[in-house]
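FYI, the numbering just counts along the sequence from 1.
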Amino acid sequence: MRRWWRVAAGVVTGVPAGVLAGWAVVRWSGFEPGWPWVPVVAFTPYAGGAAVVLLLVTGLLRLRWPAVAALVAVAGLGLAVLPRALPDAATSSAPPASAVSSAVPAAEASPAGRAAGEARRLRVLSANLLVGSADPAALVALVDRLRPDVLALQELTPSAAERLERAGLRRALPYAVARPEQGAAGSALYARHPLTPAAGPPPGTFGQAAGVLERPGGVRVEVVSVHPCALALSEARPCWRRELDALPRAGGSARVLAGDFNATLDHLPLRRLLASGYRDAADATGQGLSPTWPARGWGGLPGVAIDHVLAPARMPVREYGVHALAGSDHRAVLAELALP
């Protein structure tokens, strides 16, 4: 009976341990299989947690081969996931601008010093409006509280744009490059400083507004409100990959990509985009495991991180946060960047 019990325990733990070990191998292989791997890989952080539990169980039961498979899974998935919970050295050593005012010399605390400090930073807020159904008053209140220099919106409908106007968004962010459309296709950029449309916004199923922000001191930054097609059905996958691959790579002019990428840091197209020279603001600040969608999670699961702010490596990330937005199924994300 004891022998059969160990065989049964080996099967019960060995099969999922083998699956998770295979998950780790595929995740690091540079190859992304077809459906259903693409949506499933978004849950890699949860798979890593399950691998840790299996390693503990198989170790306690002294099940050799299931324990080996679980160890492979823990090592592979841990290397992929754990860095997101650790801030980069450059980021952790640099306090956000909001924390600097109490420590700066008197000359820098003057109005001219504060203006110079603000000229060297860029605060980017991104929010998906759930086909225009997000509460406009809640969004304007978020803008007033967080004081972004630029706001990237996705799923902006014409009626939502009108409601935001009435709620006073343009008083805080008077400049705009807006492409409101019915359904989920609309997008926009609203800015505190002069903003002009960028040449050739990224092609896609949804509109992706792009603009050039003119910062005080003449610094110009291109900002894109990112929203590739949603990965909801197997037949949607080709446009999802194509539109992520069409996003502008890092290099050349200063550029920030902010929005609903419909992809996590475990998806190969987003990893390729980052490899071109971008950094993910959440990952850089040790908050890469903070979920952004769905806003209320799935029962006991908190969701996944598909909303991002990407900036080139020469624009260090000083601050990052995730914020609730009433009426939306996404949480808004804010990043403060240091300008080159």
Indicate if [X] and [Y] have the same hydrophobic cluster label, given that clusters are the connected sets of ILVMFWY residues with side-chain heavy-atom separations under 4.5 angstrom.
X      : Y      : answer
Tyr320 : Val150 : yes
Leu337 : Val322 : yes
Val226 : Leu244 : yes
Val19  : Val40  : no
Val140 : Leu325 : yes

Do you know the tightest heavy-atom contact between [X] and [Y]?
X      : Y      : answer
Ala73  : Ala51  : CB-CB, 3.8 Å
Pro203 : Gln208 : O-NE2, 3.5 Å
Ala17  : Ala70  : CB-N, 3.9 Å
Leu122 : Val256 : CD2-CG2, 4.2 Å
Leu55  : Ala67  : CD1-O, 3.7 Å
Leu265 : Leu274 : CD2-CD1, 3.7 Å

Between side-chain atoms of residues 168-184 and protein atoms elsewhere (two or more places apart, or another chain), which donor-acceptor pairs fall under 3.5 Å?
| from | atom 1 | to | atom 2 | distance (Å) |
| --- | --- | --- | --- | --- |
| Arg170 | NE | Pro174 | O | 3.0 |
| Arg170 | NH1 | Glu165 | OE2 | 3.0 |
| Arg170 | NH2 | Pro174 | O | 3.0 |

State, yes or no, whether a side-chain contact exists between [X] and [Y] at a heavy-atom distance under 4.5 Å.
X      : Y      : result
Val304 : Pro291 : no
Tyr190 : Pro148 : no
Pro316 : Arg318 : yes
Phe261 : Leu247 : yes
His323 : Leu334 : yes
Leu164 : Leu129 : yes
Val26  : Trp28  : no
Asp266 : Pro45  : yes

Side-chain donor/acceptor of [X] to backbone N/O of [Y], under 3.5 Å:
X      : Y      : result
Trp23  : Thr44  : no
Ser187 : Ala209 : yes
Arg84  : Gln287 : no
Ser328 : Asn128 : yes
Arg163 : Gly132 : yes
His267 : Val38  : yes
Ser276 : Ala250 : yes
Arg220 : Leu213 : no
Glu32  : Leu268 : yes

For this session: Check the pair Tyr278, Leu257 against side-chain contact (heavy atoms from CB on, under 4.5 Å), reporting the backbone distance first and the verdict last.
Result: CA-CA 9 Å; Tyr278 289 113; Leu257 308 182; 3.8 Å; yes

For this session: Evaluate whether atom CZ of Arg249 has more than 12 neighbouring non-hydrogen atoms of other residues, nucleotides or ligands under 6.0 angstrom away.
Result: yes

Exercise. Can you tell me if CH2 on Trp37 sees more than 12 non-hydrogen neighbours from other groups inside 6.0 Å?
Worked result: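 Yes, because the 6.0 Å sphere around CH2 of Trp37 holds more than 12 heavy atoms from other groups.
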
Exercise. Rounded to the nearest 0.5 Å, how far apart are CD of Glu319 and CG of Leu146?
Worked result: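 Taking CD in Glu319 and CG in Leu146, the distance rounds to 8.5 Å.
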
Return all side-chain donor-acceptor pairs below 3.5 angstrom for residues 305-314, not counting sequence neighbours, or 'none' if the list is empty.
| from | atom 1 | to | atom 2 | distance (Å) |
| --- | --- | --- | --- | --- |
| Asp307 | OD1 | Thr292 | OG1 | 2.6 |
| Asp307 | OD1 | His330 | ND1 | 2.8 |
| Asp307 | OD2 | His330 | ND1 | 3.1 |
| His308 | ND1 | Asp280 | OD1 | 2.9 |
| His308 | NE2 | Ala263 | O | 2.8 |
| His308 | NE2 | Ala305 | O | 3.4 |
| Arg314 | NH2 | Gly252 | O | 2.9 |

Exercise. Just checking, any donor-acceptor pair under 3.5 angstrom between side chains of Glu243 and Thr205?
Worked result: yes

Exercise. Just checking, is any N or O donor in the side chain of Asp329 or Trp293 under 3.5 Å from an acceptor N or O on the other one?
Worked result: yes

For this session: In sequence, state the C-alpha distance, the side-chain angles, and the governing distance for Leu189 and Leu153, and then conclude on side-chain contact (heavy atoms from CB on, under 4.5 Å).
Result: CA-CA 6 Å; Leu189 296 170; Leu153 297 179; over 6 Å; no

Exercise. Between Glu155 and Phe206, does a side-chain contact (heavy atoms from CB on, under 4.5 Å) hold up when you go through it step by step?
Worked result: CA-CA 8 Å; Glu155 301 192 18; Phe206 302 143; 5.7 Å; no

Exercise. Is there a side-chain contact (heavy atoms from CB on, under 4.5 Å) between Leu339 and Met315 once you walk through the steps?
Worked result: CA-CA 5 Å; Leu339 291 172; Met315 295 175 65; 3.7 Å; yes

For this session: Would you mind telling me which of Arg215, Arg120, Arg123, Arg121 makes a salt bridge (Lys or Arg N to Asp or Glu O under 4.0 Å) with Asp149?
Result: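 Only one of Arg215, Arg120, Arg123, Arg121 forms a salt bridge (Lys or Arg N to Asp or Glu O under 4.0 Å) with Asp149, namely Arg215.
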
Problem set entry | Ring centres under 6.0 angstrom apart (Phe43, Trp298) |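 Phe43 vs Trp298: aromatic centres under 6.0 Å.
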
